[in-house]
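Input: a single structure, listed below in structure tokens.
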Amino acid sequence: LLLATAGSRNAQLSCYANFTYSVNGQVVNFSDTSWTQGGGTVTGWTWSFGDGTSGTGQYPIHTYNGPGPFYACLTITTSLGCVDSTCQMV
């Protein structure tokens, strides 16, 4: 299940936050699959893991303290200032 929410987008510049994940017990490997359209590259990744903790980086690994599901979110920023977010139940 992949859900996207609109961020700061305009006709010339678009960015789209997206991620996949794999679960091994309480350890979740997150993988950014975001992309841009109209220029720029993704330069920042901020994660909210849905358990009150957060992280950064393109491929974080997070260990949950209990069973889910949790509502994890990714916010990306690009070199040209585009921002977008997406959330999924993990």
Side-chain angles (χ1 to χ4, degrees):
L1 174 66
L2 301 176
L3 304 173
T5 58
S8 300
R9 299 183 180 156
N10 62 46
Q12 295 91 20
L13 175 66
S14 296
C15 60
Y16 304 92
N18 199 21
F19 67 91
T20 61
Y21 64 91
S22 61
V23 179
N24 183 7
Q26 291 177 264
V27 177
V28 179
N29 292 281
F30 291 93
S31 295
D32 167 62
T33 58
S34 303
W35 72 95
T36 64
Q37 184 174 352
T41 58
V42 178
T43 57
W45 301 265
T46 303
W47 300 83
S48 173
F49 298 117
D51 62 355
T53 64
S54 61
T56 59
Q58 194 171 8
Y59 303 104
I61 299 171
H62 183 68
T63 302
Y64 288 94
N65 289 326
F70 296 94
Y71 197 58
C73 297
L74 167 63
T75 299
I76 61 166
T77 55
T78 73
S79 57
L80 297 178
C82 187
V83 177
D84 192 40
S85 297
T86 188
C87 299
Q88 300 182 45
M89 295 299 287
V90 298

Can you tell if the side chain of Asp51 reaches within under 4.5 Å of the side chain of His62, non-hydrogen atoms only? yes

Nearest 0.5 Å please: distance from the CZ atom of Phe30 over to the CD atom of Gln58. 14.5 Å

How close do Tyr21 and Met89 get, heavy atom to heavy atom, and via which atoms? OH-O, 3.1 Å

Less than 3.5 Å apart, which donor and acceptor atoms pair up between the side chains of residues 39-49 and the rest of the protein, not counting sequence neighbours?
residue	atom	partner	partner atom	Å
Trp45	NE1	Asp32	OD2	3.0
Trp47	NE1	Gly57	O	2.6

Which heavy atom of Gln26 sits nearest a heavy atom of Asn65, and at what distance? NE2-C, 3.0 Å

Rounded to the nearest 0.5 Å, what separates atom CG in Asn18 from atom OG1 in Thr33? 3.5 Å

Over all atoms of both residues, closest heavy-atom pair of Gly50 and Phe70: O-CD2, 3.6 Å

Could you list the cluster mates of Ile61? Members are the ILVMFWY residues connected by side-chain heavy atoms closer than 4.5 Å, either directly or through other members. Val27

Give me the atom names and distance for the closest heavy-atom approach of Thr78 to Cys15. CG2-CB, 3.7 Å

Side-chain contact test, heavy atoms from C-beta onward, threshold under 4.5 Å: evaluate it for Ser34 versus Leu74 and give yes or no. yes

